[in-house]
2 protein chains.
Amino acid sequence: MNKHASSPKKGRKYDQVIEGAWQVFMREGFEGASVDAIARAAGVSKATLYSYFSDKKLLFIEVARTECLRQADTAIVMGQSGQSARETLTNMAQRMVRFYLSDLGQRVFRICVAEADRFPEIGRSFYECGPELARRRVASYLQEAVARGELMIEDCQLAADQFAELCKADLFPRMMFNITDHITQDEIDRVINGAVDMFMARYGPA
Amino acid sequence: MNKHASSPKKGRKYDQVIEGAWQVFMREGFEGASVDAIARAAGVSKATLYSYFSDKKLLFIEVARTECLRQADTAIVMGQSGQSARETLTNMAQRMVRFYLSDLGQRVFRICVAEADRFPEIGRSFYECGPELARRRVASYLQEAVARGELMIEDCQLAADQFAELCKADLFPRMMFNITDHITQDEIDRVINGAVDMFMARYGPA
DNA sequence: ATGATCTTAAACTGAGCAGTTCAGTTGTCG
DNA sequence: CGACAACTGAACTGCTCAGTTTAAGATCAT
């Protein structure tokens, strides 16, 4: 029985460190997370932590990458066949909104935006396996829908970006600037329906 | 001659402090900006600074508010009469994009998003005299356009939010995650035209 | 000019934090 | 068993920074 199957790197406690670091970074942000707190949360000594990661920034990048990959796995199921464009778009919208309103989505976004200035690698690596991935998936769905004659779109990439943005209307700024603590399902439905209506008005069959 | 017309608070060096703090906060972010650096940039002693603002957080809030008001003044000229809805919307879109792509807009956003978690007042106060203000202005323009029969909108507030988001498509995420250092005028035009086209397709006269 | 108020420089306090070191413990494997 | 590697905890270094204090200097109104 090989117990090291999931530890491609060195040392038995690698995963523990990543997990603990993830928790603390999410809770406190990058600057706010002390390495002592991370070590404590990971149930590991600071010395061990530093034997894996030469510094805090590197640890953060590794944590971010790990979480991105995890997310990417979760989100594979996207386009289903027997659905109208309207249904599919509504579905996608729900997924997107649920993610960016989640505690996780919110915190990730906050940290990345804050640190993207100082550490471009962080922003880039997150964008690529987060928004960029979703972006390409939506665009490729639209491409197919156009081929089937369900939609009429000249610039599918732009259309995908527009749709993603429409799903953020009102809700996203309110979250980001911490205006509301709770957002109701009605508010969400209003925005999603608004997004789909608008999208179909522009790109729906004539 | 009353030289204190623009200093409703106490002390002659108030404006200097705000100005210096603004510069350093913009350059370094909230955590990154040391009070010593701010005092130096403002050409003022730390003691003086602390006689105005009891702590760093309060100083930041005041700086953010001041800058918001300055922006609000700049943006008063919004709705002009003899223009079509299309023209007016394009105009508004240009203004918005120019702002959030500017160095200033970008940095303010970054700081507010990062700190809104820890200090809700920061996020709130910025939102209120920034996005919220613009939001209400656009909504009220739409209201009038509907009254004149130029547009057909049921939920003007939602429409305003949608328009604002459409203007961010592609460009905004790329900025936030630091993917591109430069964005061309063509890319901007593509997004703005796309936003106006979509908006008119949905809410334009039948 | 005189007193009140504002400003200054610089030293100081107290705290937090990244990263290091090391003597000692634990677990693994031949 | 014995050797080797990973791990621990706790103390320690060196730094940065928010906020305070003090004694002296500048500015202003009257």
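Lettering of chains follows the sequences in order, A, B, ..., and the numbering in each one begins at 1. Note that these values count all heavy atoms, side chains included, but never hydrogens, waters or copies made by symmetry.
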### Message
I'd like to know if the side chain of B:S51 pairs up with that of B:T48 as donor and acceptor (distance under 3.5 Å, no hydrogens or angles considered).
### Response
no

### Task
Compare side-chain N and O positions of A:Y50 against OP1 and OP2 of C:dT21 and report whether any pair is under 4.0 Å apart.
no

### Query
Going by the angle between their ring planes, with limits at 30° and 60°, are A:F53 and A:Y14 parallel, tilted or perpendicular?
tilted

### Message
From NZ of A:K56 over to C1' of C:dC17, roughly how many Å is that when rounded to an integer?
### Response
8 Å

### Query
Where the side chain of A:A47 is concerned, which of D:dT8, D:dC7, D:dT21 is the nearest nucleotide?
D:dT8

### Message
Any salt bridge linking B:R110 with B:E115? Criterion: basic side-chain nitrogen under 4.0 Å from a carboxylate oxygen.
### Response
no

### A:Y52 side-chain proximity, nearest of C:dA18, D:dC7, D:dA18
D:dC7

### Message
Expressed as a whole number of angstroms, how long is the span from A:D15:CG to D:dA6:C1'?
### Response
16 Å

#### Entry: Ion pair A:R202/A:E154, N-O distance below 4.0 Å
yes

### Task
If the plane angle is over 60° it's perpendicular, under 30° parallel, otherwise tilted; pick one for B:F25 and B:F60.
perpendicular

### Set of residues satisfying salt bridge (Lys or Arg N to Asp or Glu O under 4.0 Å) with respect to B:D103, sequence neighbours excluded
B:R107

### Query
Which ranges of DNA chain C pair up as stems, where a stem means three or more consecutive Watson-Crick or G-U pairs with both distances under 3.5 Å?
C:1-30 with D:1-30

### Nearest-Å distance for atom pair CG/P, residues B:L49 and C:dT8
10 Å

#### Entry: Spacing between B:D36 atom CG and C:dT8 atom P, to the nearest angstrom
14 Å

#### Entry: Side-chain donor-acceptor contact under 3.5 Å, A:D189 with A:Q185
yes

### Salt-bridge contact A:R65-A:E62 (side-chain N to carboxylate O under 4.0 Å)
yes

## Note on the structure
Whole-Å distance, B:L58 CG to D:dG19 P, equals 10 Å

### Query
Of the residues in residues 16-35 of chain B, which ones touch DNA chain C at a heavy-atom distance under 4.0 Å?
none

### Task
Under the ring-ring contact (aromatic ring centres under 6.0 Å, His included) rule, collect the residues that match up with B:F99, sequence neighbours excluded.
none

### Task
Could you please name the option among D:dG19, D:dT8, C:dT8 that lies closest to any side-chain atom of A:T48?
D:dT8

### Query
Restricting to pairs with a member in residues 30-41 of chain B, which pass salt bridge (Lys or Arg N to Asp or Glu O under 4.0 Å), not counting sequence neighbours?
B:D36-B:K46

### Query
Is A:R136 paired with A:E132 through a side-chain N to carboxylate O contact shorter than 4.0 Å?
yes

### Query
Can you check the B:K13 NZ to C:dT8 P distance for me, whole Å?
3 Å

### Query
CZ of A:R12 versus C1' of C:dT26: gap in Å, rounded?
8 Å

### Query
Do any of residues 38-46 of chain A sit with a heavy atom less than 4.0 Å from DNA chain C, and if so which?
A:K46

